[in-house]
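Reminder, nothing fancy here: chain letters follow the sequence lines and each chain counts from 1.
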Amino acid sequence: MSKPPANDTRMEKLVSLCKRRGIIYQSSEIYGGIGGFWDYGPLGAELKRNLRDTWWRAMTRERDDVVGLDATIIMHPAIWKASGHVDTFADMMRECTLSNKRVRADHVEPQSGSIMRFKGAKASTGWALDRELTVLMRQGEHIDSFRKRVRILVSQNAGAAAGKAEEIELLGEERLEVTEGSVDFHPETGGLLNEARPFNLMLRTYVGPTATENDIAYLRPETAQAIFAQFKNVCDSSRVKVPFGIGQIGKAFRNEVTPKNFTFRSREFEQMELEFFIKPDEAVKLIHGKVAAWSEGADLSEPQPDWGWEMWHRYWVAQRTAYYKSIGLDTDVLDYYWQSKADLAHYARACVDILFKFPFGTDELEGIAARGAFDLTQHQTHSGKQLEYFDEELKAACDAMSEEQKKSFIEETYASRTRPEITREEIEAQCAKLFKGLYIPHVIEPSAGLDRLALAILASAYDEEEVTDEKGKSETRTVLRFHPRVAPVKVGIFPLLKNKPELVAKAKEIVALLRPHMSVFYDETAAIGRRYRRQDEVGTPFGVTIDFETLGEGDGSQKDTVTLRERDSMEQRRIPIAELLPFLLGKIL
RNA sequence: GCGGGCGUAACUCAGUUGGUAGAGUGCAACCUUGCCAAGGUUGAUGUCGAGGGUUCGAAUCCCUUCGCCCGCUCCA
């Protein structure tokens, strides 16, 4: 009976609903808006807060091995040098005028060939390009295959409007000159490159009043680095023991080239990140003699002392999946993408993306990476501060080992090294540290986007249902089927009629009863049916109606009971006022 | 960043060759002993995305710009 709208209109309807009902607005709308920034309205703010709370509760409060952190958005710029963000994004980039592909200005190989120019292009579809194209025909390239290549590039860039590549006509071909060793053309496409300009996805600002080069600071592009930067302080001040985690929720900023898909890719967004620090596999091996190997069907319910990074990584994937289920996102709307070895950044051992089936496509909600010791090592090197962790358990285990055993451990470690370039000396130094109980913890990083989660919750909750009344008239009911735990408003309270003071007074009594425990919405306007539907549209899971029986009219048997109406089934039943609070708390906690 | 489409009330959208700004829904008020967008009466709401130009006159034509959507590109 439920018939969700087709995906292509679903997103538009959701965006309309979000604006109409005060869930999400465009930022700065009265000034024409600003691309890539979105505001949460009254109901959206509640929804987001609920989601934030579920994460914080599941990841920190309900665990004894994770603590929280709330760090600043602007940090010492050296942090971003250590993390690699400054170097990666401060490059001078040049863009190909033919394909719009971007290359690093200092990475263009010199090329030779003939410089060709076209006055423009047109297609049988009516599409036309009224812009000069300058392209390098490489030495030895046949003129016809060159033309074909240009047509394909033009068609790719034009998108659907230009139709098929073979139907594109290149206009006013001209051969200009022969060049040798030119660095002005894109190495793959041969298109002319525009002028080099800096390209950095980090948003910049200045700290201090002078605003000079020396005062440049960045708005953090991820929250994770603050956790690494404060790792030592947390260790020194909160009696944590590896394995343990530090969780943080906060804003991050990226100067995205193309913000799109509503709030999915925004320039300002909120992340919920956990850095979970574990013993390196070598330390686990020294303590327990072995590292538990992961296999299909392994028991991931309770962390075990002999887990290495792989078990921990799988464990967190399972934990996060359970979390999503607890707020109403089950496996039917989720998907997983395990990055292949080739996709992985050089420091990462494994990374899995948890994806959600958005109306615009299946896309990332959370990444869970096994990052090794990369980040802390970087910060140790750049800051010059020791970030090694002293593990008493490891020290005790090593102290009990004979010199022979230690020697053979070094041999084993060297033989099983993952990167061949590591020297025996490096391995020996590493092992010497381990024997003293010292190591840099490895990291499992579940990193989720709060705004993406809010969007996923909205998208999965959105439903349209055909309902037929007694007169046989059918109508569409729009309903957000939020899990009660995350719903912005938990219960609507309605006096059946507003012109009867006794009903209104009783309804307000119930509001006062419930309000300390949950968000309630009182509504006395319009017909009762309309009030129910209004609440359906914003996902309020329960409605309570106060009528004359509540006041003891009729035979008095229903005194102090109310009608409880359930959003999804639209079913109604009588419930004593005294049972209302326990019932609702049971649903929303 | 490039190409295409779009921008009119809170939402969805109409608006003819340039001639006083429209509908539906929603919203607000009142009536109703009654429970699934019920019925009735009444009412409010527009920088026609913004700026400039052409014109006696612009939502409509032209230029610029901002925003949204799609494709390409990018995505630590």
Side-chain angles (χ1 to χ4, degrees), chain A residues 8-9 11-13 15-22 25-37 80 83-89 93-102 121 125-131 153-162 191 194 197 199-202 221-222 224-225 254-262 265 345 347-348 360 363-364 367 369 467-471 473 475-479 494-500 503 525-537 543 545-549 551 553-554 562-565 567 570-572:
Chain A
D8 51 342
T9 59
M11 210 48 211
E12 287 168 36
K13 287 181 168 177
V15 172
S16 288
L17 179 67
C18 281
K19 180 168 184 203
R20 188 157 39 86
R21 299 309 307 266
Y25 313 121
Q26 198 181 6
S27 169
S28 321
E29 200 195 74
I30 61 167
Y31 287 99
I34 174 166
F37 296 89
W80 307 112
S83 69
H85 286 85
V86 171
D87 291 336
T88 319
F89 299 120
M93 304 290 283
R94 300 181 75 182
E95 208 165 78
C96 169
T97 52
L98 182 62
S99 64
N100 297 316
K101 284 185 180 170
R102 227 172 263 123
T125 57
W127 171 90
L129 179 69
D130 187 24
R131 176 166 67 92
L153 286 163
V154 167
S155 126
Q156 278 174 358
N157 201 27
N194 65 7
R197 59 183 171 202
F199 192 80
N200 194 312
L201 286 183
M202 281 198 289
E222 61 175 39
Q225 295 305 321
R254 295 181 194 182
N255 217 345
E256 295 289 353
V257 183
T258 320
K260 63 171 180 178
N261 289 330
F262 200 25
R265 177 161 296 140
Y347 49 78
F360 50 80
D363 218 326
E364 186 181 346
V467 287
T468 312
D469 63 15
E470 302 90 51
K471 295 165 207 150
K473 203 173 71 176
E475 271 165 343
T476 304
R477 181 172 83 115
T478 301
V479 48
F494 316 118
L496 192 59
L497 294 168
K498 75 169 158 183
N499 59 351
K500 296 289 175 281
L503 288 177
T525 63
I528 190 70
R530 178 174 301 183
R531 283 181 262 167
Y532 286 151
R533 295 295 173 86
R534 276 180 190 152
Q535 292 309 305
D536 287 345
E537 214 179 39
T545 302
I546 292 83
D547 59 17
F548 293 98
E549 279 70 41
L551 302 175
E553 285 192 13
V562 290
T563 303
L564 180 73
R565 183 254 192 190
R567 174 197 65 201
M570 294 166 64
E571 272 163 19
Q572 308 191 36

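Here the P atom of nucleotide B:rC11 and the CZ atom of A:R21 are 13 Å apart, to the nearest Å. In this entry the distance linking CZ of A:F262 with P of B:rC69 reads 9 Å, nearest Å. A:I528 has its CD1 atom 10 Å from the P atom of B:rC36, to the nearest Å. The CG atom of A:N261 sits 8 Å away from the P atom of B:rG71 (whole-angstrom rounding). Atoms CD (A:E537) and C1' (B:rU25) sit 11 Å apart, rounded to a whole Å. Per the geometry, CD belonging to A:Q572 stands 10 Å off P belonging to B:rC35, to the nearest Å. The distance between atom CZ of A:F548 and atom C1' of B:rU32, rounded to the nearest whole Å, is 11 Å. Protein atom CD of A:E12 is 13 Å distant from nucleotide atom C1' of B:rG7, rounded to whole Å.
Nucleotides B:rU25 and B:rA37, compared at atom P, are 14 Å apart to the nearest Å. Between B:rU12 and B:rG26, the two C1' atoms lie 11 Å apart (nearest whole Å). Atom name C1', nucleotides B:rC61 and B:rG18: the rounded distance is 8 Å, in whole Å. Spacing between B:rC48 and B:rG7 at atom P, rounded to whole Å, works out to 14 Å. Look at the C1' atom in both B:rC30 and B:rC70: the space between them is 48 Å, to the nearest Å. Taking the P atoms as reference points, B:rU17 lies 25 Å from B:rU64, given to the whole Å. For B:rU47 and B:rG22, the P atoms lie 16 Å apart once the distance is rounded to whole Å. If you take atom P in B:rA38 and the same atom in B:rU65, they sit 48 Å apart, rounded to whole Å.
A donor and an acceptor atom sit less than 3.5 Å apart, one in the side chain of A:E549 and one in the base of B:rG34. A donor-acceptor contact under 3.5 Å is formed by the side chain of A:R565 with the base of B:rC36. You won't find any donor-acceptor pair under 3.5 Å spanning the side chain of A:D536 and the base of B:rC36, going by distance alone. Under 3.5 Å, the side chain of A:R254 and the base of B:rC75 form no donor-acceptor pair of N or O atoms. A:Y31 contributes no side-chain N or O that forms a donor-acceptor pair with the base of B:rC66 under 3.5 Å.
Between A:T545 and the choices A:L503, A:V562, A:I528, the side-chain contact (heavy atoms from CB on, under 4.5 Å) rule is met once, by A:I528.
Out of B:rC30, B:rA38, B:rG34, the shortest distance to the side chain of A:K498 is found at B:rC30. Set against B:rG67, B:rA37, B:rU32, the side chain of A:Q26 has B:rG67 as its closest nucleotide. Distance from the side chain of A:P221 is smallest to B:rA76 among B:rU33, B:rA76, B:rC35. When the nucleotides B:rU33, B:rC36, B:rU12 are ranked by their closest atom to the side chain of A:S16, B:rU12 comes out on top. Comparing B:rC36, B:rC11, B:rG71 against the side chain of A:K19 picks out B:rC11 as the nearest.
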Q.
Between A:T525 and A:R534, does the side chain to side chain donor-acceptor pair (under 3.5 Å) criterion hold? Intermediate values first, please.
A. CA-CA 11 Å; A:T525 63; A:R534 276 180 190 152; 3.0 Å; yes
(Q) One pair to check against side-chain contact (heavy atoms from CB on, under 4.5 Å): A:Y25 and A:C18. What are the steps and the verdict? (A) CA-CA 7 Å; A:Y25 313 121; A:C18 281; over 6 Å; no
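Listed by chain and number, the residues in a side-chain contact (heavy atoms from CB on, under 4.5 Å) with A:P221 are A:W80, A:H85, A:M202, A:R254 (sequence neighbours excluded).
Closest heavy-atom contact between A:G36 and A:P259: CA-CB, 3.6 Å. For A:R477 against A:R567, the heavy-atom pair with the smallest separation is NH1-O, 3.0 Å.
Residue A:R534 places at least one side-chain N or O under 4.0 Å from the OP1 or OP2 atom of B:rC27. Between B:rC30 and A:N499, no contact under 4.0 Å exists linking OP1 or OP2 to a side-chain N or O. Checking the phosphate oxygens (OP1, OP2) of B:rC35, no side-chain nitrogen or oxygen of A:T545 falls inside 4.0 Å. Proximity of A:R530 to the phosphate of B:rA38: a side-chain N or O atom is located under 4.0 Å from OP1 or OP2.
Nucleic acid contact for A:R265: base, since at least one base atom lies under 4.0 Å from a heavy atom of the residue. The residue A:G36 sits close only to the backbone: its heavy atoms come under 4.0 Å of sugar-phosphate atoms, none of a base. Among the heavy atoms of the strands lying under 4.0 Å from A:E553 is at least one base atom, whether or not backbone atoms are also near. Heavy atoms of A:L551 sit nowhere under 4.0 angstrom from any nucleic acid atom.
Nearest-nucleotide positions on RNA chain B place A:R20 closer to the 5' end than the other of A:F37 and A:R20. Ranked by how close their nearest RNA chain B nucleotide is to the 5' end, A:T525 and A:G529 are led by A:T525.
At a threshold of 4.0 Å, the pair A:R565-A:D536 counts as salt-bridged, since one of the basic side-chain nitrogens sits closer than that to a carboxylate oxygen.
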**Q.** Base-pairing string, 5' to 3', of RNA chain B - Watson-Crick or wobble, under 3.5 Å, | interstrand
**A.** (((((((..((((.....[..)))).(((((.......))))).....(((((..]....))))))))))))....
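Within the 4.5 Å cutoff, the side chain of A:Y532 has heavy atoms near those of the A:Q572 side chain.
A:R531 places a side-chain N or O within 3.5 Å of a backbone atom of A:P495 that can act as its donor or acceptor partner. A:R533 places no side-chain N or O within 3.5 Å of a backbone atom of A:T478 that could act as its donor or acceptor partner.
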